[in-house]
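Predicted model, so just to flag it, every value in this text is computed and none were measured. Because only heavy atoms are used, hydrogens play no part in the values below, and waters and symmetry mates are left out as well, while side chains stay in. Proteins get letters first, then strands, A, B, ... in listed order; numbering begins at 1 in each.
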There are 2 protein chains.
Amino acid sequence: MAAMSDETLDATDREILELLREDARRTLSDIAARVTLSTAAVKRRIDRLQEAGVILGYTVRVDHSKLGWGVEAFTELRFFGTTNVDEIVQTTTRMPEAQAVFTIAGDPDALVWLRVRDMAHLQRTIDELRRSHRVTSTKTLIVLDSWAGGEYPPDGA
Amino acid sequence: MAAMSDETLDATDREILELLREDARRTLSDIAARVTLSTAAVKRRIDRLQEAGVILGYTVRVDHSKLGWGVEAFTELRFFGTTNVDEIVQTTTRMPEAQAVFTIAGDPDALVWLRVRDMAHLQRTIDELRRSHRVTSTKTLIVLDSWAGGEYPPDGA
DNA sequence: AGTGAAAAAGCATGCCC
DNA sequence: GGGCATGCTTTTTCACT
């Protein structure tokens, strides 16, 4: 939760993170050329970022609509007074339809990012959400279009 | 938007995608061993998935709180009757605080996923959102905790 | 589509500045 | 913290099944 254990990142570190965000498969030599450093120096920096927990891992970006999961939605959940938040997250995250789960301060209590095949599937998924917790109400926002990305903070930490 | 141009993915393709989702830096030989195929065969499948647009790219997962951007929120936006949706997305996506933007069917009109340094920064960011469009109202959900991940569809497309 | 092997590219390490 | 040189691993390509 705090800043980096030892030191704050410098401009080069942030540049490297941005390059990896764009394409995590960039070679060290490619990155090295762009930040005007040697491959060894870049590798040491990346290792340090990984060690410090700034870099959590690497993943592939997939076009889910190409896989037939073309419908995206957000469902706002409200619970009875004392519902265990961990329990919500635990059961929800096991659903293959859940992309992400956010517990919220205030109203609603949680926000679930869903990805499903079609509207019928969405209906079933929402029903499942309602059943699996002590839900008092849900509201589902159906996504028409989305944009994801965003740069890294250009200024320091 | 439709399924894969040529053919549907088989179980091995989905297994490879899942392995890459867990860790996009796995070597071909590592993947090959897990799916009991040769590295060359795995490479051709991955190349084909990329060619087909199923694989969009590779990215790094970062612990934003370690970078000092520890506050996450969703802001629901409502606009005047005829506001150009593209315009909303265009201007919002230029903000470094915007992680993602979703246009929504119904109410609200859009959902913006924000990541900011602190509450003061959140306030400024929401103000900016309100100013930059013909916004009639906003509602911001502050994230207490989040979980992201989720498996790939285990069944075929 | 898959395999196996050779060539090319990239990575990892040790040593020095 | 950075660079260079070197041995090792991985990727990439190709001929063959």
Side-chain angles (χ1 to χ4, degrees), chain A residues 3-63 66-68 152-157, chain B residues 3-63 66-68 152-157:
Chain A
M4 236 177 106
S5 350
D6 302 311
E7 278 298 310
T8 178
L9 311 169
D10 66 10
T12 307
D13 287 326
R14 273 179 263 110
E15 213 174 327
I16 290 170
L17 284 174
E18 170 60 18
L19 288 167
L20 287 174
R21 193 193 57 75
E22 285 172 12
D23 178 9
R25 273 192 139 185
R26 283 197 145 92
T27 62
L28 292 180
S29 19
D30 178 85
I31 296 169
R34 289 169 197 270
V35 301
T36 45
L37 235 58
S38 68
T39 62
V42 171
K43 186 189 185 302
R44 276 195 290 263
R45 278 170 180 268
I46 291 175
D47 288 347
R48 189 170 50 78
L49 289 168
Q50 202 141 15
E51 184 91 18
V54 173
I55 291 178
L56 297 170
Y58 301 88
T59 194
V60 64
R61 293 188 300 116
V62 168
D63 185 343
K66 287 250 168 73
L67 294 173
Y152 274 96
D155 46 305
Chain B
M4 238 177 104
S5 350
D6 303 311
E7 278 299 308
T8 178
L9 312 169
D10 66 11
T12 306
D13 287 328
R14 274 179 263 111
E15 214 175 327
I16 291 171
L17 283 175
E18 171 60 17
L19 288 167
L20 287 175
R21 192 192 58 76
E22 284 172 12
D23 178 10
R25 273 190 137 187
R26 275 184 209 281
T27 62
L28 293 178
S29 18
D30 178 84
I31 296 168
R34 288 169 198 271
V35 302
T36 48
L37 236 59
S38 68
T39 62
V42 170
K43 186 188 185 306
R44 270 204 280 103
R45 278 171 181 267
I46 291 175
D47 288 347
R48 190 170 49 78
L49 289 168
Q50 201 142 15
E51 184 90 20
V54 174
I55 292 178
L56 297 170
Y58 302 88
T59 193
V60 64
R61 292 187 302 115
V62 169
D63 185 344
K66 288 250 169 72
L67 294 174
Y152 275 96
D155 46 303

Indicate yes or no: does A:Arg48 engage A:Glu51 in a salt bridge with an N to O separation below 4.0 Å. no
A:Asp13 and A:Val54: CA distance, side-chain angles, deciding distance, side chain to side chain contact (heavy atoms under 4.5 Å, CB included) verdict: CA-CA 10 Å; A:Asp13 287 326; A:Val54 173; over 6 Å; no
Counting only N and O atoms by type, is there a donor-acceptor contact under 3.5 Å from the side chain of A:Thr59 to the main-chain atoms of B:Arg21? yes
From the list A:Val60, A:Leu56, A:Ile55, side-chain contact (heavy atoms from CB on, under 4.5 Å) partner of A:Tyr58 resolves to A:Ile55
Between C:dA1, D:dG2, C:dT3, which nucleotide gets closest to the side-chain atoms of B:Arg45? C:dA1
Which letter, B, S or -, goes with each nucleotide of nucleotides 10-17 of chain D from 5' to 3', with contact meaning a protein heavy atom under 4.0 Å? SSBB----
Residue list, salt bridge (charged side-chain N to carboxylate O under 4.0 Å, His left out) with B:Arg61, at least two apart or on another chain: none
Please report, rounded to the nearest Å, how far the P atom of D:dG2 is from the CD1 atom of A:Ile16. 8 Å
Please state how far atom CD1 in A:Ile46 lies from atom P in C:dC11, giving the value in whole angstrom units. 9 Å
Is a side-chain N or O of A:Arg26 found less than 3.5 angstrom from the main chain of A:Leu19, in a donor-acceptor match? yes
Just the rounded figure in Å: distance from P of C:dA1 to CG of B:Asp10. 10 Å
